[in-house]
Visitor: 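The structure that follows is given in the form of structure tokens.
Just so you know, ligand 1 is whichever comes first in the structure, and atom 1 is the first atom listed for that ligand. Not measured: the values here are computed from a predicted model.
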Amino acid sequence: MTADARASLPELGADASREYRLGIMGGTFDPIHYGHMVTAEQAREALDLDLVLFMPAGSPAFKQGQRVTDAEDRYAMTLLATAANAAFDASRFEIDRVGVTYTVDTLVELRAHYPENVRLFFITGADAILDLLTWRDAGRMAELATFIAATRPGYNIEQARRRIEASGLPFDVRYIEIPALAISSTNIRARVAAGKSVRYLTNESVIGYIRKHGLYNESVVERTDVL
Ligand code: ATP
Ligand code: MG
């Protein structure tokens, strides 16, 4: 871990006599939207998190070979969307790391960086938790963080629960039901490309950024999961 990467992490854990609960909201955030915001906010409340770090992936492992917007743009939009919430922070931690982004590397580095009294919670939606066992070093991840799995329209969280339980891996997953928002970045990109409105799907400032920088105008809409 470089000194620069460490410098981008917020201070936490100073009072050794108490536990600090750090949420990590990972994603591509291409772009960030209200589905992400609601997931993080409800996870923060349900698990009493002190802070949620929104961490755009530098080069997402599951999106290799797919066109992904420049990391600086995705980070800038994440910063805009989270700026007004004192319990949210946008982090450069993963975009400043070279190579493919694996969550296990992030968790190992965060664990090494923070003192023992900082507990890590990795926040995901139901689609991500369904795939969890296919992530690199899943067993290692299970030892490093508690997972929070939020419901997401179109995905079966009970199926995820069964899958993880059957794996025998020591995962600690907290399942939370959140207000259903059938919003996806894929759908937002497709809407922008088609000249349709994306108002009320994400923050006004994010929409302003998309327009100002001409993002997604020629978005290649070849995926079918436009939920
Ligand atoms: P894309 O369509 O490009 O895959 P996305 O909308 O799925 O984008 P990601 O950046 O892939 O967004 O997701 C980051 C995390 O947020 C994942 O854990 C995902 O499950 C969760 N998430 C995204 N949208 C929602 C939503 N509407 N409700 C609940 N969780 C969500
Ligand atoms: Mg996704």
Side-chain angles (χ1 to χ4, degrees), residues 23-47 52-71 73-79 81-82 88 90-91 93-95 101-103 106-107 121-135 138 141 145-157 159-161 163-164 171 173-193 198 200-203 206 210 215-216 219-227:
I24 301 124
M25 179 78 202
T28 309
F29 302 131
D30 190 12
I32 191 165
H33 56 68
Y34 284 142
H36 302 126
M37 312 297 290
V38 165
T39 301
E41 176 64 4
Q42 302 258 327
R44 183 197 63 72
E45 186 179 60
L47 277 301
V52 178
L53 276 185
F54 283 70
M55 220 175 248
S59 178
F62 292 112
K63 289 179 179 158
Q64 298 298 307
Q66 223 174 283
R67 199 161 86 175
V68 172
T69 304
D70 189 89
D73 286 323
R74 292 183 289 109
Y75 171 71
M77 292 187 282
T78 304
L79 197 58
T82 54
F88 287 177
S91 172
F93 198 60
E94 287 189 341
I95 66 169
T101 310
Y102 293 105
T103 297
T106 303
L107 294 177
F121 292 81
F122 193 83
I123 305 166
T124 69
D127 57 314
I129 207 77
L130 263 165
D131 289 341
L132 189 64
L133 297 172
T134 69
W135 293 16
M141 288 198 303
T146 297
F147 286 75
I148 305 173
T151 47
R152 181 174 188 182
Y155 299 95
N156 186 340
I157 206 163
Q159 188 188 350
R161 187 201 294 267
R163 228 180 247 182
I164 290 166
F171 274 108
V173 186
R174 310 301 167 93
Y175 297 88
I176 60 170
E177 180 154 359
I178 64 168
L181 290 180
I183 303 174
S184 71
S185 301
T186 301
N187 181 251
I188 292 178
R189 294 193 300 273
R191 288 191 144 268
V192 173
V198 292
Y200 313 121
L201 298 177
T202 186
N203 307 61
V206 171
I210 291 170
L215 303 184
Y216 312 127
S219 179
V220 188
V221 187
E222 57 201 9
R223 295 174 57 195
T224 50
D225 53 341
V226 286
L227 182 82

Visitor: Report the member of G125, A149, P179 with the shortest heavy-atom distance to atom 17 (C) of ligand 1.
Guide: G125

Visitor: With heavy atoms of M25 as the reference, note each atom of ligand 1 found under 4.0 Å away.
Guide: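 Checking each atom against M25, I get 15 (C), 16 (O).
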
Visitor: Is the closest N or O pair between A126 and ligand 1 shorter than 3.5 Å?
Guide: no

Visitor: Just which atoms of ligand 1 are under 4.0 Å from any heavy atom in G27?
Guide: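 Reading through ligand 1 atom by atom, the close ones are 10 (O), 14 (C).
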
Visitor: With side chain to side chain contact (heavy atoms under 4.5 Å, CB included) as the test, pick out the partner of I129 among T124, I123, I148.
Guide: T124

Visitor: Once you measure the plane-to-plane angle for F29 and F54, does it fall in the parallel (<30°), tilted (30-60°) or perpendicular (>60°) bin?
Guide: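 If you compare the ring of F29 with that of F54, the planes turn out tilted.
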
Visitor: Give the atom numbers and elements of ligand 1 that come within less than 4.0 Å of a heavy atom of K63.
Guide: 1 (P), 3 (O), 4 (O), 11 (O)

Visitor: Quick one: pull up CZ in F147 and CG in L107 and give me the separation to the nearest 0.5 Å.
Guide: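 That separation rounds to 5.5 Å.
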
Visitor: Closest by any non-hydrogen atom to atom 27 (N) of ligand 1: pick that one out of V38, L181, I32, T78.
Guide: L181

Visitor: Check for me whether D30 has a heavy atom closer than 4.0 Å to any atom of ligand 1.
Guide: no

Visitor: Under the 3.5 angstrom rule, does the side chain of R74 hit a backbone N or O of G58 as a donor-acceptor pair?
Guide: yes

Visitor: State, to 0.1 Å, how close Y102 and A61 come at their nearest heavy-atom pair, and which atoms those are.
Guide: CE2-CB, 3.8 Å

Visitor: Test of understanding: with salt bridge (charged side-chain N to carboxylate O under 4.0 Å, His left out), list the residues that count as partners of D73, not counting sequence neighbours.
Guide: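 For D73, no residue satisfies salt bridge (charged side-chain N to carboxylate O under 4.0 Å, His left out) once neighbours in sequence are set aside.
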
Visitor: With heavy-atom distances below 4.0 Å as the criterion, list the atoms of ligand 1 near T186.
Guide: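 The list of qualifying atoms is 1 (P), 2 (O), 3 (O).
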
Visitor: Give the atoms of ligand 1, by number and element, whose distance to some non-hydrogen atom of G35 is under 4.0 Å.
Guide: 26 (C), 27 (N)

Visitor: With heavy-atom distances below 4.0 Å as the criterion, list the atoms of ligand 1 near T124.
Guide: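 So the atoms of ligand 1 that pass are 18 (O).
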
Visitor: Would you say T151 contacts ligand 1, with heavy atoms under 4.0 Å as the rule?
Guide: yes

Visitor: So, D30 side chain and T69 main chain: donor-acceptor pair closer than 3.5 Å or not?
Guide: yes

Visitor: Could you pull out all residues at least two apart from R191 that satisfy salt bridge (charged side-chain N to carboxylate O under 4.0 Å, His left out)?
Guide: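 By the salt bridge (charged side-chain N to carboxylate O under 4.0 Å, His left out) rule, R191 matches no residue at all.
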
Visitor: Taking atom CD of E45 as the centre, does the number of heavy atoms from other residues, nucleotides or ligands within less than 6.0 Å exceed 12?
Guide: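 Atom CD in E45 is not packed in, count stays at 12 or less.
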
Visitor: Within the 4.0 Å heavy-atom shell around S184, which atoms of ligand 1 are there?
Guide: 2 (O), 6 (O)

Visitor: Answer yes or no: does an N/O atom from S185 fall short of 3.5 Å to an N/O atom of ligand 1?
Guide: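 Indeed, backbone or side chain, S185 has an N or O that close.
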
Visitor: Does E177, at its CD atom, have more than 12 non-hydrogen atoms belonging to other residues, nucleotides or ligands within less than 6.0 Å?
Guide: no

Visitor: Contact between ligand 1 and G26 is defined here as a heavy atom of the residue under 4.0 Å from a ligand atom; is it met?
Guide: yes

Visitor: Could you say whether the N/O atoms of I123 and ligand 1 ever approach to under 3.5 Å?
Guide: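 N/O-N/O distance below 3.5 Å does not exist for this pair.
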
Visitor: With a cut-off of 4.0 Å, which atoms of ligand 1 are near a heavy atom of D127?
Guide: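 Here the atoms of ligand 1 in question are 19 (C), 20 (O).
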
Visitor: Can an N or O of P153 be found at a distance shorter than 3.5 Å from an N or O of ligand 1?
Guide: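 Between P153 and ligand 1 (N or O atoms, distance only) the closest approach is not under 3.5 Å.
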
Visitor: Is the side chain of T101 donor-acceptor paired with the backbone N or O of S59 at a distance under 3.5 Å, no angle test?
Guide: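 Yes.
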
